[in-house]
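We count residues from 1, following the sequence as given. Hydrogens, waters and symmetry mates are skipped; everything else that's a heavy atom, side chains included, is used. Atoms within a ligand are numbered from 1 in the order they appear, just like the ligands themselves.
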Amino acid sequence: MNYQNGIEAILTANSRIPVVTFSSSNQVASVLEQLEAASVSCIEITLRTEAAWEAIEHCKKIAKSAFKVGVGTLVNAEQVERCKSLGVDFMVSPGSSASLIDAMQKSGIAYLPGVMTPTEIISALEKDCGFLKLFPCNLAGGITALKTYASVFPQIKFCPTGGLTAENHEEVLALKNVISVGGSWLCEVK
Ligand code: 3PG
């Protein structure tokens, strides 16, 4: 099944997703160089700064065609439309609502809705979403929460982000209900 417009293939191919916040599009090229040197083939650019959209556009222009350019921090349908017009490869939201999931599904772009609680997971399941971002993973309970969710929601695969580091992410990645992990530790924005 092509769930969430094909997000599974992107998460399977990219077990570590750099979450990057740009304050200028001039920073994009050096980040792409770092990621290429580290054999990382994707990026999630957050919508937390004024420069974000320009950085996304620039990244789509200069990244190799196989490189997956994602947009994070999505909170509304208007942003989904903008992702569509820029041809982004995947979309990530920190939380989720039924209408946001509907807009992401309709866009045809692969997407990963965010959840933190059991109620949010059930709402996402009602929308046929089985691949979810657990955010903020550290506040949700980290490994303890993921192990509990594995027994309560065995049908869900998570991409946890928030508070993961070079030191602790391997242990999270090894959990059976974790398909990939994300975070800002994966590259330096200069
Ligand atoms: C995200 O948006 O996924 C997180 O902010 C990443 O969290 P981190 O900065 O703790 O890695």
Side-chain angles (χ1 to χ4, degrees), residues 4 7-8 10-25 27-28 30-32 34-35 38 40-56 59 67-76 78-80 82-83 86 88-97 100-101 103-104 109-117 120-121 124 129-146 149 156-175 177-190:
Q4 296 162 236
I7 193 68
E8 183 176 10
I10 293 176
L11 298 176
T12 303
N14 297 281
S15 58
R16 292 163 185 79
I17 301 178
V19 178
V20 183
T21 299
F22 289 109
S23 54
S24 161
S25 57
Q27 298 165 320
V28 173
S30 88
V31 164
L32 287 179
Q34 279 179 60
L35 296 179
V40 175
S41 304
C42 75
I43 189 171
E44 175 191 330
I45 301 177
T46 71
L47 291 178
R48 296 183 190 180
T49 56
E50 271 183 31
W53 287 110
E54 205 182 308
I56 292 158
C59 192
F67 188 91
K68 303 288 184 196
V69 179
V71 173
T73 337
L74 281 170
V75 295
N76 60 47
E78 211 171 273
Q79 294 166 327
V80 172
R82 204 156 171 189
C83 285
L86 291 180
V88 312
D89 301 296
F90 67 101
M91 302 180 294
V92 185
S93 59
S96 45
S97 68
L100 181 58
I101 290 177
M104 293 197 288
I109 302 169
Y111 66 96
L112 183 69
V115 294
M116 186 172 166
T117 66
E120 292 161 2
I121 294 170
C129 292
F131 299 93
L132 301 172
K133 165 171 169 137
L134 179 67
F135 178 77
C137 175
N138 50 348
L139 299 186
I143 286 178
T144 311
L146 282 159
Y149 287 166
I156 302 286
K157 296 282 181 223
F158 291 99
C159 174
T161 78
L164 300 188
T165 63
E167 290 73 37
N168 70 12
H169 77 277
E170 297 280 2
E171 202 184 342
V172 175
L173 202 46
L175 298 172
N177 59 339
V178 172
I179 186 168
S180 64
V181 294
S184 55
W185 91 89
L186 281 155
C187 70
E188 195 190 343
V189 185
K190 292 183 257 193

K.L.:
So if I count the atoms of ligand 1 from 1 in the order they appear, which ones are less than 4.0 Å from some heavy atom of Gly163?
P.N.:
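Counting atoms of ligand 1 from 1, those under 4.0 Å from Gly163 are 8 (P), 10 (O).
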
K.L.:
In terms of atom number and element, which parts of ligand 1 are under 4.0 angstrom from non-hydrogen atoms of Gly183?
P.N.:
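So the atoms of ligand 1 that pass are 11 (O).
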
K.L.:
Counting only heavy atoms closer than 4.0 Å, does ligand 1 sit against the backbone of Arg48, its side chain, both, or neither?
P.N.:
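The part of Arg48 near ligand 1 is the side chain, not the backbone.
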
K.L.:
Answer yes or no for Gly162: is there a heavy-atom contact with ligand 1 below 4.0 Å?
P.N.:
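Flag set, Gly162 near ligand 1.
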
K.L.:
Give a yes or no answer on whether the side chain of Thr117 reaches the backbone of Glu120 with a donor-acceptor pair at less than 3.5 Å.
P.N.:
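The answer is yes, because a donor-acceptor pair under 3.5 Å joins these two groups.
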
K.L.:
Checking Thr21 against Thr46: is there a side-chain donor and acceptor pair closer than 3.5 Å?
P.N.:
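Yes - a donor-acceptor pair under 3.5 Å links their side chains.
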
K.L.:
Taking only heavy atoms of Lys133, which atoms of ligand 1 are found under 4.0 Å from at least one of them?
P.N.:
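Numbered from 1, ligand 1 contributes 1 (C), 2 (O), 3 (O).
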
K.L.:
Below 4.5 Å, heavy atoms only, C-beta onward: do Ile56 and Phe22 meet side chain to side chain?
P.N.:
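Not in contact.
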
K.L.:
Are any side-chain N or O atoms of Gln4 and backbone N or O atoms of Ala110, one a donor and one an acceptor, separated by less than 3.5 Å?
P.N.:
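Between the backbone of Ala110 and the side chain of Gln4 there is no qualifying donor-acceptor contact (under 3.5 Å).
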
K.L.:
Can a non-hydrogen atom of Val19 be found less than 4.0 Å from any atom of ligand 1?
P.N.:
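Within the 4.0 Å threshold, so yes.
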
K.L.:
When you measure from the side chain of Glu44 to the backbone of Ile17, do you find a donor-acceptor pair of N or O atoms at a distance under 3.5 Å?
P.N.:
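Flag not set: sc Glu44 to bb Ile17 has no pair under 3.5 Å.
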
K.L.:
Return the residue, atom name and 0.1 Å-rounded distance of the protein heavy atom closest to atom 11 (O) of ligand 1.
P.N.:
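The closest one turns out to be Ser184 N, 2.8 Å.
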
